[in-house]
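Here the structure comes first, spelled out in structure tokens, and everything after it is commentary.
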Amino acid sequence: MNLSQHLNNRQLEAASAIEGPLLIIAGAGSGKTKMITYRMAHMLEQGILQSQILALTFTNKAAKEMADRVRAATGKRLTSLTVSTFHAFGVKVLRDKGRLLGYHDNFSIYDQVDRGELIREVARELAIPRETLDISKVGNLFSGIKGERRAWGEEAKQYTALFNEYQAHLKAYNAVDFDDLILLPIRIFEEHPAALEEYRERFHYVMVDEFQDTSLAQYKLVRLLGETHRNLCVVGDDDQSIYSWRGANYQNIVSFERDFPERREIKLEQNYRSTKQILQAANSLIAHNKDRKQKELWTGIEGGKAIELFFPENEVEEARFIAEMIRASMLRERLTYDDFGILVRTNGLTSAIEEALLAENIPYRISGGTSFFQRKEVKDVISYLRVLANPDDDVNLLRVINTPRRGLGRRFLETMRELADRKSCSLYTALSAARYAADSPLSAKSVAEVGDFLSMLDHYRERLLSRGRMAESVKSLVDTLDYWGFLVAEYQKNEKVARWKFGNITRFIEMIERWERDPDTEDPSLFSFLNRITLITRDDDADDDERGKVNLMTIHAAKGLEFEMVFVAGVEENIIPHLRAVEEGNTEEERRLFYVAITRAKQKLYLTACRKRKLLRDWIEASPSPFLQELPEGLVEQHIPPKEVDAEEAKDYFAALKARLR
DNA sequence: CGTCTCCAGGTTTTT
DNA sequence: CCTGGAGACG
């Protein structure tokens, strides 16, 4: 393979530096993925074994894309190359070595919904009044503490007892939360040097993509693995760090420089994606951030068109404008649907746009929002599977014990929880005991119901844990539960909804079947299936029929993607930058977010800022985003409809914008 | 004792 | 607009 044929000098330098620590600062659109692909292909060509390489990414999509591209470049089957997200890697380590910390390999993984339910449950046990507890806030606090990005401050201290109980419950349920997937591997490696040694021996070459999005804990994990052989390559762009709320800390770039002083540093600054106009706008915007590594992105792409800024009356107008613009440009510019990206700050902003696209008959795909696996009906089935895999998982047992209804209600559960607390055992154990106990505190009717429930679980546990034909067993389970009858009863007024929901379950079962039959699935067991789907948010299974559609998504979801034509909707104060972020003092991150949005565009960028917008129930006046002032004058063509000019003029900001236009 | 119905409250980004 | 909790009914 001749690298210099495909890569520019900087890229070539990065791709050929295999030994020793390497820091690559890769600007937006600088051919990062290409460089990584060739770097990996080059490594394999140099005789490095697939099994010696560990590549860590942030999203499943990125992992899949990287593997696909390396496969395409080398033409090899990648049987033992590890390309995985941090969390998926954590699962692997935990399944491999979790026993060292007392975990069984059927552990459950809790997402933040489960986490919230567990916190609620623990708070109930500790008799903490519900109204004093903001579940999601406490959940974030716990996550922050576990990820070492928050300390036990004054206001946090009041939750110490709750936290300790939360942790104890997780352990008792043989469950881990997302933070544990990083933390527990670190603990395993710190407490069991032999395990660490084994992993260091195995992975001689470690690579991290989107390094600016790693958390402190993730960096610690990577450092542990790479400390001895020091073949650690990290690739990132501090200007695209947009996940600080989830613990991402681009200061890790500085830490890396400190921990690996002999590192080489390479900057990729040539942009192959966007026109001069777009790149200039992006550069000038991001220059307003104080805290960044100096770099100057440049492009050779000439002949670009102006960025255009429109001010629709409200979000319905905005959506219609975008839909019409797409229709018109398809003909004019000879573009196809998938050349368009519509980016928004929050998921809530997609609905008006969806409606307009539907009305215009424009096929679209939407990513983000509640994922397929979070839908209630799917989650119900998954909860059953989790309980079958791990009966001590109280959170999931609670979710299914009365769904569909079997007359085991609030009072019954209170009795059972009391019993479980008293014997300090799991609910499942308490149920099993109550079923046969002579002095059972339950009514005969409840005992009979519990008996049926447990027998049913036993039956399906046996079926699902023995190898093979999972999909069939799940289908049978759904039939036995009469979930269809349950849905019909639940949505009497709306049979369509019931049918749609059942359709989702059918789809879910088909997914199991496909996964089960896929020869690439290493371990087609219930455990590995459950672990896998917890870590999938987007429905990445459905990528075949998604071609030829307009892409509607949040800016976060758009990172790493590019489109010929990009619309950024809702470029308004309190949205970009988001009000909550500004309150928390994260304006710089919001600027980076806008930077990411702008740099997705190859040829043409449209920005829209509504005059009015419906918030909750009422209409509010909206103002254009202050970031618009940071774009260079003359680059942005502004379209203010003449009739609108007087009424809003009172808004001084708007007047300022208008003045600049003339 | 369990279920149904109505009402209030709340929406940043996601592995 | 959807969810979770409180109170009425069966």
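Below, chain A is the first sequence line, B the second, and so on; all start at residue 1. Values in this document were obtained by computation on a predicted structure and should not be read as measured data.
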Discussion item. Does dT12(B) have OP1 or OP2 under 4.0 Å away from a side-chain N or O of R580(A)?
Written reply: yes
Worksheet item: For dT3(B), does either OP1 or OP2 sit under 4.0 Å from a side-chain N or O belonging to N402(A)?
Response: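 For dT3(B), OP1 or OP2 has a side-chain N or O of N402(A) closer than 4.0 Å.
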Discussion item. Can you say whether a donor on the side chain of W245(A) sits under 3.5 Å from an acceptor on the base of dT12(B), or the other way round?
Written reply: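 Under the 3.5 Å cut-off, the side chain and the base do not form any donor-acceptor pair.
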Atom-pair distance ([atom1] on [X]; [atom2] on [N]), nearest Å:
{"X": "N586(A)", "N": "dT12(B)", "atom1": "CG", "atom2": "P", "value": "14 Å"}
{"X": "E414(A)", "N": "dC1(B)", "atom1": "CD", "atom2": "P", "value": "9 Å"}
{"X": "E590(A)", "N": "dT12(B)", "atom1": "CD", "atom2": "C1'", "value": "8 Å"}
{"X": "E449(A)", "N": "dT3(B)", "atom1": "CD", "atom2": "P", "value": "10 Å"}
{"X": "F372(A)", "N": "dT14(B)", "atom1": "CZ", "atom2": "P", "value": "19 Å"}
{"X": "I182(A)", "N": "dT14(B)", "atom1": "CD1", "atom2": "P", "value": "18 Å"}

Item to complete: From the options dG5(C), dT3(C), dT12(B), select the nucleotide whose nearest atom is closest to the side chain of R120(A).
Response: dG5(C)
Worksheet item: If you draw the axis of the six-membered ring of Y199(A), does the NZ or CZ of K97(A) fall within 45° of it and under 6.0 Å from the ring centre?
Response: no
Practice prompt. Evaluate whether atom CZ of R124(A) has more than 12 neighbouring non-hydrogen atoms of other residues, nucleotides or ligands under 6.0 angstrom away.
Written response: yes
With 3.5 Å as the limit, what N/O pairs link the protein to nucleotides 4-10 of chain B?
residue : atom : partner : partner atom : Å
dC4(B)  : OP2  : R405(A) : NH1          : 3.2
dG10(B) : O6   : R617(A) : NH2          : 2.6

Discussion item. Once you apply a heavy-atom cut-off of 4.0 Å, does D111(A) come out as touching a base, just sugar-phosphate, or nothing?
Written reply: nothing
